[in-house]
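Below is one structure, written out as structure tokens, with a few remarks after it.
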Amino acid sequence: MSSDSKTDYRKTLNLPDTPFPMRGDLPKREPGWVEEWDENGLYRRLRQARAGREKFILHDGPPYANGQLHAGHAVNKILKDMIVKTRQLKGMDAHYVPGWDCHGLPIENQIEKLYGRNLSRDEMQAKGRAYATEQIAQQMVSFKRLGVLGEWDNPYKTMNFANEAGELRLFKRLIERGYVYRGLKPVYWCFDCGSALAEAEIEYQDKKSNTVDVAFEAAEPGQLAAAFGLPKLDKPAFVVIWTTTAWTIPANQALNLGPHIEYALVDTPKGVLLLAKARVEDSLKRFGLEGTVIATAMGDKLAGLNFKHPLYDVPSEDGTYGYRRVAPVYLADYATDTDGTGIVHSAPAYGIEDFNSCVAHGLAHADILNPVQGGGSYEADWPLFGGLNIWKAVPVVIQTLQDAGRLLATSTITHSYPHCWRHKSPVIYRAASQWFVRMDEGEGVLTKDKAPESLRTTALRAIEDTNFYPPNGKARLRDMIAGRPDWVISRQRAWGVPIAFFLHKDTDELHPRTLEILDQAADIIEQGGIEAWSRVTAEEILGDEDAQNYRKFNDILEVWFDSGSTFFHVLCGTHPNEHHAAIDPRTGAPGPEADLYLEGHDQHRGWFHSSLLLASAIRGRAPYRNLLTHGFTVDAQGRKMSKSLGNGIDLTEANKKWGAEILRLWVASSDYSGDIAGDDKIMARVIDTYRRIRNTLRFLLANTSDFDPVTEAVPLDQLLEVDRWALSRAAEFQREVLAHFELYEFHPVVAKLALFSSEDLGGFYLDVLKDRLYTTAPKSLARRSAQTALWHLTQAMLRWMAPFLSFTAEEAWKIFGNSDSIFLEEFWSLPEPDAALLAKWARVREIRGIVNKEVETLREKGLIGSSLQANVTIEAPTTKQGGAVGAQLRSQGLDVWGGIDYDLLQSLGDDLRFVLITSQAVLKKAVDDGGHIQVSASTSLKCERCWHYTDDVGQDATHPTLCGRCISNLFGAGETRTVA
């Protein structure tokens, strides 16, 4: 080499180089990877690669095939993808079949908006199927754009013919087990849906209601007086009720009193009023009346008294009296004296407790008054209020009561009230003849082999056998199952799996061949879908003679039945898997069982709930071994993301602005057990984490770019000590990572990986390594040892991050020298952690930290620039920590100096200076039992090549600006490194 002073020694360094860019440019580059995975059939190849291995099945909770995806969808699908990928990298055959919920009211509503409300059943079904198909295609593109791998070329859809047929076959099995019955009872009813709703379709919101205190006149005053031990009453007497549902007054049929409540007769200017004694004071105040209690009696003495309907004497326009009926007093424990008047007005068609009480006291189903129609209006010929919508009728009812002299008080309150989950509109209880799944003991229709226990009992036991993540989900689901009513499964709609019954025109009884007909219907649907069954006539199924006596039933199974039944007709039907073929010990039949169900915590009342009930009914256990729930997406203030608030994360814009990789890292870094917060500031922090991880990865790739592990790798037991430490630390870290993955935890992994990258690697190991990588001979043991360690680190790190940073891991994997996908790999095998080595270097790093503080003090004073300009002398004790320095350190809670520190630092030899990144490091035995550090600015010359300050710079006249170490590395045998 020339001795020219202009020689560029920088060119003699092993400076890192890699095509892995510092900037990810994710929004532009990610679509290319999605396309590549799709075109190469990566998911199919993953299954082939793991064929015969232990299986892992995450059964997809189907999103609804309607509308644009939102941040909540992204959280859900990314979580599922990360979990499946961890199992794949673990070496398991990890299946993920995406699915869609396709039937039900939301799609019907969209079709009615587009085409009007008067479509025929055939038109609704045809347009519903076309609309769902279109929506699925759009959503699938968005899901794949998030980097989610799955069986996208063969997803499951509840509207697939085979799935529709499978659902009907499950329904038949439910009947055979004795769980299905028909009954008239009040169910949640949505006027916008025009259909019954299940408990899972209800949410509670505040609603303003008009309260009314209404007087019912005693029909038999003498009997009332006698019940209270009075000879007679000198004034008209009334029982007073309080309610928030004035619209139910026209359907009143009874009054309920508590048998153990003390009631009072109160003499007032408006007559004698019957009230619960505990409610007299508050009630009179509300009525604006003064009064005196003239007698009391317990509720059980008042049963059987009769009171006139409050509109008893109010004529209709035609002169008839439509309310000339009396309300008998029934005793019921649900009547309390904690609010109102202590008396409950009973309209049995519009309340479960009212219904049960009236039926228990002998009211026949046929005699229950049910004037409110499915659309929300009273029957057209109903007295006084015919044709009025019930909400608009409330002020009319109140005024009519006022005019009749039966209204004692009215006010407005805001209270929690059930609303339709879809329409956000208030619902009512409304008596309707519906089909139910029975929760407790009882008789079903057409029972063939009755289940040995109630569905509630079976489901509660199944919950005990399920693992919950987080654990509090167990109590939530258990409480819901323990307290839920029977499940109403019929819906009065068109777009859904039909309840394929024929009912007798006179008796409404099921056709005696119903179970056979269900099989026949399922076969027809499997060939042509639910549309094929809609076109079938009674004559084709029953024959001309029988068809004259039966009508075809047109209700459908509710949408939660659709999604809840997928374990049956997907896992063991359209997407069978031997993983699910284990024999159920209770039934002797194949038992579908997924390893994991994963959805938002609202699905405790939805998909988790319906799936549990159906699987418990036909298999005796839950359809899942593990159940994981995540929270909702919220903004930084904790408000749920919504379009109306404008605080949501738009997926399309997010992909354009940040890339899906940032969304994935956001999900992974969030504690999904609670709500998941996101806004620009939060995403900025996520981006910063991404950059730190990417920069670390770039360093690893750059410094292994000229390394061939086949010919140049150093045996692991011959690595320099700090390189062996790095792999030992990586192995220790990998144990932590895999333990978190096993528990479906990601945010601790992201936090620890960022810390590992910045502290263990960037802040220590890679910092120490730079001199050896850049300045030693390219093929020297010192450099190849470092590269061997970095190569193993890169292998491990890419796999750690692949489940959540999928695009980046795939990009880096190709640059790392691989032609195939990283997802075909398994977690890297690292040597077992060396506890002694880890402990030793933990102490070295502690001492290094103290030295760095002293060096930084010199830098702050302007005495040195970089740490290489510093000379360090360490006096380390050879006995137990003591002295002034030791006392000071102990007072700060530190334990740095100890009896082993001299021997420990001495074991590093001359490499101590490379560990400390100083030009000189002198180790001495401490005179006393304390430790001392002296840092001073070097007075030596700076080597132009390695930037160390040493006394031998310029000793070679040919290269006057180089130190002896660089001369040896360039032209001689090269320096010897043993530790660092």
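Heavy-atom basis, side chains included; hydrogens, waters and symmetry copies ignored.
Side-chain contact check for L612 versus L477: some heavy-atom pair is nearer than 4.5 Å. Between I463 and K474, the closest side-chain pair of non-hydrogen atoms falls below 4.5 Å. Between I241 and V344, every side-chain heavy-atom pair lies at or beyond the 4.5 Å cut-off. In this structure the side chain of R177 reaches within 4.5 angstrom of the side chain of P452, judged on heavy atoms. Within the 4.5 Å cutoff, the side chain of I618 has heavy atoms near those of the L174 side chain. Under the 4.5 Å side-chain criterion, counting only non-hydrogen atoms from C-beta, E203 is in contact with K424. With a 4.5 Å cut-off on side-chain heavy atoms, F216 and V240 do not count as touching. L503 has its side chain out of reach of E509: every pair of non-hydrogen atoms, C-beta onward, lies at least 4.5 Å apart.
Salt-bridge check for R551 with D506: failed, with every basic side-chain N at 4.0 Å or more from each acidic carboxylate O. A salt bridge does not link D337 to K277: none of the charged side-chain nitrogens sits closer than 4.0 Å to a carboxylate oxygen. Salt-bridge annotation for R279 and D282: present, with a side-chain N of the basic residue lying under 4.0 Å from a carboxylate O of the acidic one. Using a 4.0 Å cut-off between a side-chain N of Lys or Arg and a carboxylate O of Asp or Glu, E464 and R461 do not qualify as a salt bridge. In summary, D449 and R173 engage in a salt bridge, as defined by a charged side-chain N under 4.0 Å from a carboxylate O. Using a cutoff of 4.0 Å between basic side-chain nitrogens and carboxylate oxygens, E201 and R491 are scored as salt-bridged. Salt bridge annotation for D313-R324: present, with a cationic side-chain nitrogen under 4.0 angstrom from a carboxylate oxygen.
Although no hydrogens or angles enter the test, the distance criterion places no donor-acceptor pair under 3.5 Å between the side chain of S357 and the main chain of E353. Judged purely by atom type and a 3.5 angstrom limit, N252 uses its side chain to pair as donor or acceptor with the backbone of A254. In this structure, Y378 contributes its side chain and W247 its backbone to a donor-acceptor pair below 3.5 Å. Looking at S454, its side chain does come within 3.5 Å of a backbone N or O of T457 through a donor-acceptor pair. Side-chain atoms of R182 come within 3.5 Å of backbone N or O of D508 as a donor-acceptor pair. Side-chain atoms of R430 do not come within 3.5 Å of backbone N or O of W189 as any donor-acceptor pair. At least one donor-acceptor pair closer than 3.5 Å links the side chain of Y323 to the backbone N or O of P383. Side-chain atoms of W242 do not come within 3.5 Å of backbone N or O of V212 as any donor-acceptor pair. Looking only at distances, a side-chain donor or acceptor of H309 sits under 3.5 Å from a matching main-chain atom of I249. Put simply, the side chain of R456 gets close to the backbone of R484: a donor and an acceptor are under 3.5 Å apart.
Taking both residues in full, the closest heavy atoms of G299 and L331 are given as O-CD2, 3.2 Å, listed atom of the first, atom of the second, then distance. Considering all non-hydrogen atoms of both residues, L305 and A227 come closest at CD1-CB, 4.4 Å. The two residues P623 and A615 come nearest to each other via the heavy atoms CD-CB, 3.5 Å. In terms of heavy-atom proximity, L105 sits nearest to C193 at CD2-SG, 2.6 Å. The two atoms that bring Y181 and V445 nearest to each other are CA-CG1, 4.3 Å, heavy atoms only. Contact record, Y350 with A251: CE1-CB, 3.5 Å, taken as the closest heavy-atom pair.
Judged purely by distance below 3.5 Å, without hydrogens or angles, the side chains of Y429 and Y188 pair a donor atom with an acceptor atom. Using modelled atom types and a 3.5 Å distance limit, the side chains of T211 and T244 yield no donor-acceptor pair. The closest side-chain donor-acceptor pair between Y417 and D206, if any, does not fall under 3.5 angstrom. No hydrogens or angles considered: nothing links the side chains of Q434 and E558 as a donor-acceptor pair under 3.5 Å. For the residue pair Y334 / N356, no side-chain donor-acceptor distance below 3.5 Å is found, with atom types taken as modelled. Counted by atom type alone, T248 and H345 present one or more donor-acceptor pairs between their side chains at under 3.5 Å.
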- request: Show your reasoning for whether side chain to side chain contact (heavy atoms under 4.5 Å, CB included) applies to L311 and L384.
  value: CA-CA 10 Å; L311 302 179; L384 301 178; 4.0 Å; yes
message: Does Y263 form a side chain to side chain contact (heavy atoms under 4.5 Å, CB included) with K301? I'd like the steps, not just the answer.
response: CA-CA 10 Å; Y263 289 91; K301 304 296 184 184; over 6 Å; no
task: Given side-chain hydrogen bond (donor to acceptor under 3.5 Å, both in side chains), test S425 with D192 step by step and report yes or no.
output: CA-CA 8 Å; S425 54; D192 291 315; 2.7 Å; yes
query: Stepwise, does the side chain to side chain contact (heavy atoms under 4.5 Å, CB included) test hold for V180 with L446?
result: CA-CA 9 Å; V180 177; L446 303 177; over 6 Å; no
- request: Might you work through the side chain to side chain contact (heavy atoms under 4.5 Å, CB included) test for L255 and V239, ending with a clear yes or no?
  value: CA-CA 9 Å; L255 297 163; V239 66; 3.4 Å; yes
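With ring centers used as reference points, W487 lies under 6.0 Å from F561. Ring-centre distance between H423 and F191: not below the 6.0 Å cut-off.
Here the straight-line distance linking atom CG of L265 with atom NZ of K235 works out to 12.0 Å at 0.5 Å rounding. In this structure, the separation between CH2 on W391 and OG on S377 is 12.0 Å, given to the nearest 0.5 Å. Between atom CG of residue D562 and atom CD1 of residue I556 there is a gap of 7.5 Å, rounded to the nearest 0.5 Å. How far CG of L407 is from CD of Q399: 9.0 Å, rounded to the nearest 0.5 Å. Taking CD1 from I489 and CG from D555, the interatomic distance works out to 10.0 Å, rounded to the nearest 0.5 Å. How far CZ of F171 is from OH of Y179: 14.5 Å, rounded to the nearest 0.5 Å.
Between F608 and Y624, the angle of the ring planes goes over 60°, which puts this pair in the perpendicular group of the 30/60° scheme. Ring pair W421/W560 is parallel by interplanar angle, where below 30° counts as parallel and above 60° as perpendicular.
Listed by chain and number, the residues in a ring pair (Phe, Tyr, Trp, His ring centres under 6.0 Å) with W607 are H59, Y597 (sequence neighbours excluded). The salt bridge (Lys or Arg N to Asp or Glu O under 4.0 Å) check on K185 picks up D486, with sequence neighbours excluded.
Residue pairs meeting the side-chain hydrogen bond (donor to acceptor under 3.5 Å, both in side chains) criterion with at least one partner in residues 220-232, sequence neighbours excluded, are E220-N306.
Residue D213 forms a salt bridge (charged side-chain N to carboxylate O under 4.0 Å, His left out) with just one option from K270, R286, R406, and that option is R286. Just one residue in the list E176, E441, E443 forms a salt bridge (charged side-chain N to carboxylate O under 4.0 Å, His left out) with K450, and that residue is E441.
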